[in-house]
Each structure stands twice: as C-alpha cells, then as structure tokens.
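Note sheet for the following structure.
Values in this document were obtained by computation on a predicted structure and should not be read as measured data.
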Amino acid sequence: MSTWAGQPMVKGNSETVRMVLLTCVSIGITFTWGVEMTYCTPYLLSLGLTKGQTSMVWVAGPLSGLIVQPIIGVVADESTSKWGRRRPIIVIGSLIVACSLLVLGFTKEIVAGLVLDPGAAKSWTIVLAVLSLYVVDFAINAVMSCARSLVVDTLPIQKQQTGAAWSSRMNSLGHIIGYAMGAIDLVQIFGPRLGDSQFKQLTIIAALGMLLTSAITCWAVTERILISVRHDPRRAQGSFKVVRQIYSTLLTLPPRIRGICNAVFWSWIGWFPFIIYSSTWVGETYFRYDVSPNARDSNDALGDMGRIGSMALTVYSTVSFISAWILPALIQAPEDETFTHRPPVSLAPLIEGFNKVKPDLLSAWVASNVLFAAAMFLTPFATSFRFATAIVALCGIPWCVSQWAPVTFLGVEVNKLSGSSDPPSGANGTTTTPTVPYRRLSNDLSSNIEMLRLDHHGPAALEAGSSSGNSSTGELSGIYFGILNIYVTIPQFLSTVMSGAIFAVLEPGKSPELAAEEAAHHAVDDNNNNTSGPNAIAVCMFLGALSSLVAAWSTRKLRGL
C-alpha cells in the first residue's frame with residue numbers, strides 16, 4: 001500500500017472560494033490558449049507561411065499533448081516531493097510558458113538584434129516563432145495535466161462533478177478575458193509601453209496572467225505528500241519504465257474508461273479545426289463579405305482580422321461561461337451524492353418531480369455532440385461575419401459540456417480504482433491507501449435527503465477530506481488523465497493531415513483574404529487573391545461535423561458499459 005502524509009486542503013472560508021482558488025490556474029491556461037488561437041495563425045500567416053504550412057506548425061499542440069501529458073502524469077503520480085506531486089510542475093511549467101510567450105511576441109526584435117542580413121533574419125524569425133510556439137505548447141500541457149489531476153486529488157468523489165464544473169467555468173472565464181482583450185485596441189489604450197503591436201501586448205499580459213494564476217492555486221492548495229509507492233504488479237519497472245507504464249495501462253484500460261476515451265477521440269477530430277481556425281475563419285468571412293471601404297485602407301489587416309475573430313470568440317466564451325453555471329443545476333450528476341438541505345414541504349413535490357425528468361450528464365454529452373455537428377454543417381453557408389459569429393457562439397454550449405463531462409466521468413472512475421475508503425492511519429501521522437472497490441451510490445431522492453444528516457460535513461469536508469467513506473485519493477489520476485489526453489491528441493494529428501490536404505487543394509498560396517486586402521492597398525497584382533471559391537477552413541469544419549456525429553454514437557454506448 002502507498003504511504004501518505006497529511007490531508008489535501010484548500011484555503012478559503014466557503015466552498016465557492018475554495019473552488020475558485022483550486023481552479024484559478026485554469027484562467028491562465030485558457031487565457032494563454034486564447035491568445036494563441038486568436039492571433040498565432042494570422043501572425044504566422046503574416047510572417048509568410050501558407051495555410052498548409054501553418055497547419056503543420058499546429059502539430060505542436062497534439063504532439064506536446066501526446067508526449068508531455070502521459071509522461072508528466074506518470075512522473076507526478078510517483079513524485080515524493082515535500083511540496084506535493086503536482087504543484088512543483090505547475091510552477092516550473094508556468095515559468096517556461098511565460099518566458100516563451102515573451103520570446104514569441106518579440107521574435108522579430110530578438111532576431112533583428114542578432115542577425116543583420118534581412119533575408120536570413122526573415123527565415124530565423126519564422127524558425128524562432130515556431131520554436132517558441134512549440135515550447136509554449138509543451139510547457140502548458142504539463143501545467144494543464146497537473147492542474148486537472150490536482151482537482152481530482154483534492155476533492156472527494158462526490159465532488160468530482162462540482163470540481164469539473166468549476167474548472168469549466170474558470171476555463172470559460174479565461175477565454176472571455178483573453179478574447180475580450182484581443183477584441184479591443186490595446187495599443188490605443190496602453191500606448192507603446194507594452195509593445196507597439198496588439199500581439200506583443202497580449203503576450204506580455206498572458207505571461208503575467210499565467211504566473212499570477214498558477215501562484216494563487218499553488219499557494220491555496222496543500223497536497224498530500226506521497227512517502228512511498230505501493231508495490232503494484234501493473235507498474236512497469238526498470239529502464240523506460242514511464243513509457244512501459246503508459247503502454248501497459250493503455251492495453252489494460254477498464255471498459256468504461258476506454259469507452260470515455262473513444263468518445264473523446266471522435267469528438268476531437270471535429271473540435272480541433274474549430275479551436276485552431278474559428279477566429280481566423282470569422283475574420284476571413286468579414287474580409288470576404290463585409291469589409292467596408294475604410295477597412296480596406298487599414299495598414300494592419302492582421303490586427304483587424306484578429307479583433308473581428310476575438311469579438312466572435314468573446315461571445316462564444318461568454319455563452320460557454322453562462323452554460324457552465326446553468327447546466328450543472330439542470331443535469332443530474334453521475335454518482336450523485338451532492339446533498340442539499342431538505343426542501344420546504346411546499347416545494348418538495350416540485351423538486352422531486354424535476355429530479356425525475358432531469359437529464360443525466362451522459363445524455364447531455366450526447367446532445368452536445370449533435371449540437372456541435374449541426375453548427376459545423378452550417379459553416380460553408382455563412383456569408384456574413386454576423387452569421388459566422390452566431391455559429392461560433394452556439395458552439396459555446398457543447399464546448400462547456402465537452403470540457404466538463406469527460407473529466408467528471410473519468411474522475412469518478414479513477415477514484416473507484418484508487419480506492420474509496422478512508423485511509424487508515426500509519427506511523428508518524430502517515431496514512432496508507434487501500435484498494436477497496438468503490439460502491440455505486442443510490443440516486444433515490446428520499447434516501448439522499450435522509451443521508452444528509454449523516455454525511456454532510458460542511459466546509460471542513462473539502463479541506464480535510466471527506467470522512468463519509470468516499471474520500472478521493474487520486475493515486476492514479478496522472479496516468480489516466482495522460483492517457484485521456486492521448487485520445488485527445490491523436491485525432492488532432494488526423495485533423496491536421498485532413499486540414500493540410502484541404503488547404504493544399506483549395507488555398508495552396510497565401511490566405512486569399514489577406515492577399516486581396518494587400519493587393520487592394522498596395523495596388524499590386526496577386527494571383528492568390530481570388531476569394532470567390534469556398535473557404536478552406538469552413539470545409540475543414542464541415543467535415544469535422546461528421547466525426548462529431550460518430551462521437552455522439554460512441555458516447556451513447558457508454559450507457560451499456
């Protein structure tokens with residue numbers, strides 16, 4: 001049996017405060033991703049890359065997820081650091097992200113100071129920008145892996161949906177802040193003090209935000225300290241034991257966890273083109289159908305495209321944020337043991353009736369995949385940026401569920417595997433973790449109300465760990481969340497290949513929308529400025545909708561597992 005010291009705790013005098021502090025780092029992660037998603041594609045295009053080349057650069061995301069998250073998960077699971085298993089990696093990863101963001105924002109200036117030849121400087125600028133983007137993605141995946149595991153490790157099993165919902169809320173909040181800042185003219189507001197371009201200022205703000213939010217979470221959370229790891233025949237030993245551990249776990253996934261991973265696999269083939277290109281697609285739709293004569297005289301087509309895309313994604317993130325607050329109250333949690341006070345007699349029949357018809361989280365997950373597919377089927381028919389913005393905004397609802405449902409289901413399954421009984425005390429204040437199978441809980445309303453008096457411990461339950469017999473250990477959370485991320489990243493490779501092929505056929509040269517604006521502004525002839533054909537990004541998202549329908553079918557199969 002594994003030996004532990006202490007109990008997980010989160011600072012704060014209410015559950016809301018504790019949840020905010022526990023998941024605060026998610027704001028920094030998604031803020032940084034918001035800057036990446038909104039501005040990095042146009043930025044790389046402005047450096048001279050084609051859309052096909054840009055799609056290959058974005059292999060950084062899935063590649064980092066495929067390599068970093070599983071390995072970091074295994075390493076962190078077995079870490080015996082006195083600071084905890086997750087927080088040291090969050091701190092180191094956040095520092096690397098912040099430094100890489102600054103390099104990314106000021107790539108041209110850095111290269112100009114080192115390389116005098118203009119032709120060579122252009123090439124090295126592209127190389128350094130791509131390298132910085134890769135480092136950001138690798139480091140932020142390590143932070144995200146440990147941040148998710150930290151929530152699972154800290155919360156009792158009946159709070160897993162609450163923790164996942166709060167993570168989704170903070171993710172959406174980070175996107176709202178990031179996209180809103182991208183939608184306003186920061187240079188006009190702050191002047192050149194933080195940089196002479198929108199992108200430079202955003203990278204500085206994102207770096208500071210990453211450091212601040214990770215510091216808050218690491219300050220607020222106290223982890224259990226792993227003293228020694230229990231002997232487990234499933235754990236690989238010897239050389240390359242991390243890789244062998246990942247491989248052996250992949251081969252022996254429990255059926256329900258494998259089903260969750262399969263559903264996530266198919267859904268991400270559809271989500272990846274949307275996440276990477278939706279901002280650029282809205283901006284290109286604006287330049288193709290709605291651009292005004294005044295806008296054609298702009299010297300910063302990249303900034304204009306970024307702000308239009310950011311406005312659309314701000315609306316999208318707002319919808320996702322509101323959904324993350326409303327939907328948990330309307331959806332029945334798996335393994336529901338989140339009790340409320342006994343309702344007034346006059347309201348009890350109404351609440352009992354609502355609970356009987358309240359959809360479960362699995363049904364909501366299926367519906368979200370169908371809704372996202374329907375939205376993506378509409379993308380080739382968008383002939384105004386307002387219609388495109390409405391499509392993007394609608395996707396905020398399924399995105400909220402897609403960030404919440406898999407984490408909730410996997411968190412429940414991981415804690416069943418880790419053991420659910422209160423750890424017995426060992427010597428010197430340490431505890432050991434048994435491997436007692438977790439029992440399925442009753443969802444009967446009357447029994448929940450009666451058990452309230454016995455099992456509800458108030459705020460202390462979250463700080464000291466639940467004493468109801470369902471406390472979380474999260475011993476295996478790192479490896480299983482790492483494997484889940486493998487199922488997230490492999491479809492991103494497939495989607496990247498698909499997108500690259502579509503771009504090569506439909507838009508082999510420079511972005512026709514940017515080329516058309518450049519040709520109009522400089523009165524030059526450009527053979528790549530024809531915008532009469534189909535938008536390649538819209539075609540990618542349309543094909544992704546087919547995969548989302550398969551994801552809905554795979555999700556529905558979980559009910560029988």
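- In the displayed structure, Arg556 atom CZ is contacted under 6.0 Å by at most 12 heavy atoms of other residues, nucleotides or ligands.
- Residues that satisfy the side chain to side chain contact (heavy atoms under 4.5 Å, CB included) test with Leu128, not counting sequence neighbours, are Val103, Thr107, Ile110, Val111, Ser132.
- Scanning for salt bridge (Lys or Arg N to Asp or Glu O under 4.0 Å) contacts around Arg559 gives Asp360, with sequence neighbours left out.
- Ring geometry for Trp271 against Phe372 counts as parallel: the plane angle stays under 30°, on a 0 to 90° scale with 60° as the upper cut.
- Using cut-offs of 30° and 60° for the angle between ring planes, the Phe138 and Tyr134 rings count as parallel.
- Residues satisfying the side chain to side chain donor-acceptor pair (under 3.5 Å) criterion with Asn485, sequence neighbours excluded, are Gln69.
- Taking the six-membered ring wherever Trp is involved, the centroid distance between the rings of Phe493 and Phe272 does not fall below 6.0 Å.
- Nearest heavy-atom pair across Gly270 and Ser548 is CA-OG, 4.0 Å.
- In this structure, Glu36 has no salt bridge (Lys or Arg N to Asp or Glu O under 4.0 Å) partners at least two apart in sequence or on a different chain.
- Arg169 pairs by the side chain to side chain donor-acceptor pair (under 3.5 Å) definition with nothing, not counting sequence neighbours.
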### Task
Decide side-chain contact (heavy atoms from CB on, under 4.5 Å) for Thr162 and Lys159; before the verdict, give the C-alpha distance in whole Å, the side-chain angles of both, and the deciding distance to 0.1 Å.
CA-CA 5 Å; Thr162 303; Lys159 291 288 185 180; 4.3 Å; yes
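- Remark: Ile176 pairs with Ser317, Thr318, Phe321 by the side chain to side chain contact (heavy atoms under 4.5 Å, CB included) rule, at least two apart or across chains.
- The main-chain N or O of Val25 is found under 3.5 Å from a side-chain atom of Thr217 such that the two form a donor-acceptor pair.
- Pairing each heavy atom of Gly482 with each of Pro70, the nearest pair is O-CG, 3.4 Å.
- Among the candidates Val135, Asp137, Thr32, the single residue satisfying the side-chain contact (heavy atoms from CB on, under 4.5 Å) test with Val97 is Thr32.
- Nearest approach of Val17 to Gly12, heavy atoms of both residues: CG1-CA, 3.8 Å.
- A distance of 13.0 Å separates CG of Leu104 from SG of Cys99, quoted to the nearest 0.5 Å.
- The shortest non-hydrogen separation linking Trp83 to Pro88 is CB-CG, 3.8 Å.
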